[in-house]
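Both counts, for ligands and for their atoms, begin at 1 and track the order of listing. Computed from heavy atoms alone, side chains included, the values below leave out hydrogens, waters and symmetry copies.
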Amino acid sequence: MLDTHYTFSALDGSASFREFPSVNVQLPNRASRVQAPVALSLTPQPVLALDDVTLSFGGLTALAEISLSVNPGEIRAIIGPNGAGKSSLINIISGLYRPDTGFITLGGQVFRQVPASRAARLGLARTFQNLALFKGLTVLENVMAGLAFTRRSTFIGQAFGLPRARREDRDARERAHSILSFLKLEAHADRLAGSLPYGLQKRVEMARALVANPEILLLDEPMAGMTVTEKQEMAGFIRSVRDDYGTTIILIEHDIGVVMGLSDRIAVLDYGRKIADGTPAEVRADQAVIDAYLGVARHDDFEEGI
Ligand SMILES: Nc1ncnc2c1ncn2[C@@H]1O[C@H](COP(=O)(O)OP(=O)(O)OP(=O)(O)O)[C@@H](O)[C@H]1O
């Protein structure tokens with residue numbers, strides 16, 4: 001298990017897990033992380049909020065007046081049938097799209113459009129629906145690439161192996177190995193990423209997003225194309241990331257069955273509108289959700305399978 005430094009702000013009651021994993025400091029368990037903020041503030045400040053977000057492509061409204069909030073440390077799923085607007089929403093959160101109307105609050109700042117180039121520094125990391133690994137690099141190199149934005153040494157320093165560059169390289173390697181071991185990928189560290197089976201490549205992508213210890217991890221269909229066993233395994237890792245690192249998880253999924261047993265809260269989109277938002281039990285019982293999925297999901301897809 002990884003050890004992690006963390007800081008706690010008594011002023012706003014927020015816990016921050018922004019320091020990188022290290023080998024010497026004891027990771028506080030989830031209970032101790034949660035206890036202190038609760039004493040100061042009963043209502044957690046959302047780490048991310050969308051207010052009245054609308055997005056159109058020509059005459060087509062992809063998202064209509066979407067508001068939702070994400071609390072620290074929760075697993076928050078956003079689901080919906082094909083074309084519901086999930087990718088559009090994730091692209092707004094990560095700054096690739098600018099909504100026609102509405103605001104995004106991230107890292108305590110309010111944006112009309114999240115500055116994509118600063119998203120990592122605002123504590124946001126993401127994976128992609130279609131794998132975006134460097135297939136010709138090793139697994140370790142891919143994961144280390146997730147720390148590129150944190151490096152302060154210059155290109156010349158890196159080329160000539162100057163002390164700061166060497167130190168950064170050593171730290172990056174150590175962090176990458178810690179994450180690989182956490183996600184049970186250590187045995188594959190020196191293999192080319194492109195040579196791994198699909199399910200493992202998806203996990204490497206998650207390792208790369210996690211290595212900089214983001215506050216929010218945005219997972220775009222992390223289980224698409226996986227077998228049932230792979231999905232179960234991935235669900236276990238996602239849960240561990242939240243429990244052991246305190247990372248807030250936003251999960252975009254197509255498959256309602258996958259998220260039922262995994263998520264704390266689920267927002268359901270259909271034709272660009274939010275038709276439901278609540279706990280898995282609330283969403284499961286919602287007639288609008290049942291109607292939206294009728295014909296694309298079997299009844300038992302609504303059961304907690306994972
Ligand atoms: N770049 C684009 N240009 C035009 N229309 C788009 C564009 N991106 C998305 N759309 C349309 O916006 C709507 C929402 O699409 P989006 O990809 O966000 O849905 P989705 O829920 O992610 O779907 P899927 O599950 O199939 O990936 C769809 O009708 C889609 O055709």
Student: With rounding to the nearest 0.5 angstrom, report the CD1 to CZ distance, Ile266 to Arg76.
Tutor: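 It comes to 9.0 Å.
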Student: Ignoring hydrogens, what is the shortest heavy-atom contact between Gly272 and Ile66? Give both atom names and the distance.
Tutor: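 Answer, listing the atom of Gly272 first, then Ile66: O-CD1, 3.4 Å.
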Student: For atom 24 (P) of ligand 1, tell me which residue out of Gly83, Gly58, Ser56 has the closest non-hydrogen atom.
Tutor: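 Residue with the shortest heavy-atom distance to the ligand atom: Gly83.
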Student: Atoms of ligand 1 less than 4.0 Å from Ser87 heavy atoms?
Tutor: 17 (O), 18 (O), 20 (P), 22 (O), 27 (O)
Student: At what distance is the nearest protein heavy atom to atom 3 (N) of ligand 1, and which residue and atom is it?
Tutor: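 The closest one turns out to be Phe57 CD2, 3.6 Å.
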Student: Would you indicate whether Phe237, at its atom CZ, is surrounded by more than 12 heavy atoms from other residues, nucleotides or ligands within a distance under 6.0 Å?
Tutor: yes
Student: Can you find a heavy atom in the side chain of Glu230 that is under 4.5 Å from one in the side chain of Met223?
Tutor: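 No, their side chains stay 4.5 Å or more apart.
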Student: Would you mind checking if Asp264 and Arg242 are paired as a salt bridge, meaning a charged N to carboxylate O distance below 4.0 Å?
Tutor: yes
Student: In residues 191-205, what donor-acceptor pairs under 3.5 Å come from side-chain atoms, sequence neighbours left out?
Tutor:
{"residue": "Arg191", "atom": "NH1", "partner": "His188", "partner atom": "ND1", "Å": "3.3"}
{"residue": "Arg191", "atom": "NH2", "partner": "Ser195", "partner atom": "O", "Å": "3.4"}
{"residue": "Ser195", "atom": "OG", "partner": "Leu192", "partner atom": "O", "Å": "2.7"}
{"residue": "Tyr198", "atom": "OH", "partner": "Ala224", "partner atom": "O", "Å": "2.9"}
{"residue": "Gln201", "atom": "OE1", "partner": "Lys135", "partner atom": "NZ", "Å": "3.1"}
{"residue": "Gln201", "atom": "NE2", "partner": "Leu196", "partner atom": "O", "Å": "2.8"}
{"residue": "Lys202", "atom": "NZ", "partner": "Gln129", "partner atom": "O", "Å": "3.2"}
{"residue": "Lys202", "atom": "NZ", "partner": "Glu221", "partner atom": "O", "Å": "3.2"}
{"residue": "Arg203", "atom": "NH1", "partner": "Leu183", "partner atom": "O", "Å": "2.8"}
{"residue": "Arg203", "atom": "NH1", "partner": "Lys184", "partner atom": "O", "Å": "3.4"}
{"residue": "Arg203", "atom": "NH2", "partner": "Glu233", "partner atom": "OE1", "Å": "3.3"}
{"residue": "Glu205", "atom": "OE2", "partner": "Phe128", "partner atom": "N", "Å": "3.4"}
{"residue": "Glu205", "atom": "OE2", "partner": "Ala132", "partner atom": "N", "Å": "3.2"}

Student: List the atom pairs, with distances to 0.1 Å, where a side-chain N or O of residues 108-117 and a protein N or O form a donor-acceptor pair under 3.5 Å, not counting sequence neighbours.
Tutor:
{"residue": "Arg112", "atom": "NE", "partner": "Gly102", "partner atom": "O", "Å": "3.0"}
{"residue": "Arg112", "atom": "NH2", "partner": "Pro99", "partner atom": "O", "Å": "3.1"}
{"residue": "Arg112", "atom": "NH2", "partner": "Asp100", "partner atom": "O", "Å": "3.1"}
{"residue": "Gln113", "atom": "NE2", "partner": "Gly95", "partner atom": "O", "Å": "3.1"}

Student: Salt-bridge test for Arg273 and Asp270: reply yes if a basic N is under 4.0 Å from a carboxylate O, no otherwise.
Tutor: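 Judged by the 4.0 Å cut-off on N to carboxylate O distance, Arg273 and Asp270 do not form a salt bridge.
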Student: Could you tell me, atom by atom, which parts of ligand 1 come under 4.0 Å of a heavy atom of Ala84?
Tutor: 19 (O), 20 (P), 21 (O)
Student: I need the atoms of ligand 1 closer than 4.0 Å to a non-hydrogen atom of Pro81, numbered in the order shown.
Tutor: 21 (O)
Student: For ligand 1, which atoms sit closer than 4.0 Å to a heavy atom of Asn82?
Tutor: 23 (O), 24 (P), 25 (O), 26 (O)
Student: Identify, for atom 18 (O) of ligand 1, the protein heavy atom at the shortest distance, and state residue, atom and that distance.
Tutor: Ser88 OG, 2.6 Å
Student: Report, in ascending order of atom number, the atoms of ligand 1 lying under 4.0 Å from any heavy atom of Lys86.
Tutor: 18 (O), 19 (O), 20 (P), 21 (O), 22 (O), 23 (O), 24 (P), 25 (O)
Student: Between Leu60 and ligand 1, which part of the residue brings a heavy atom under 4.0 Å of the ligand: side chain, backbone, both or neither?
Tutor: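 The side chain, only.
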Student: State if Gly85 counts as touching ligand 1 under the rule of any non-hydrogen atom under 4.0 Å.
Tutor: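 The answer is yes, since Gly85 has a heavy atom less than 4.0 Å from ligand 1.
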Student: Under the 4.0 Å line, does any protein heavy atom show up next to atom 22 (O) of ligand 1?
Tutor: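 True for atom 22 (O) of ligand 1.
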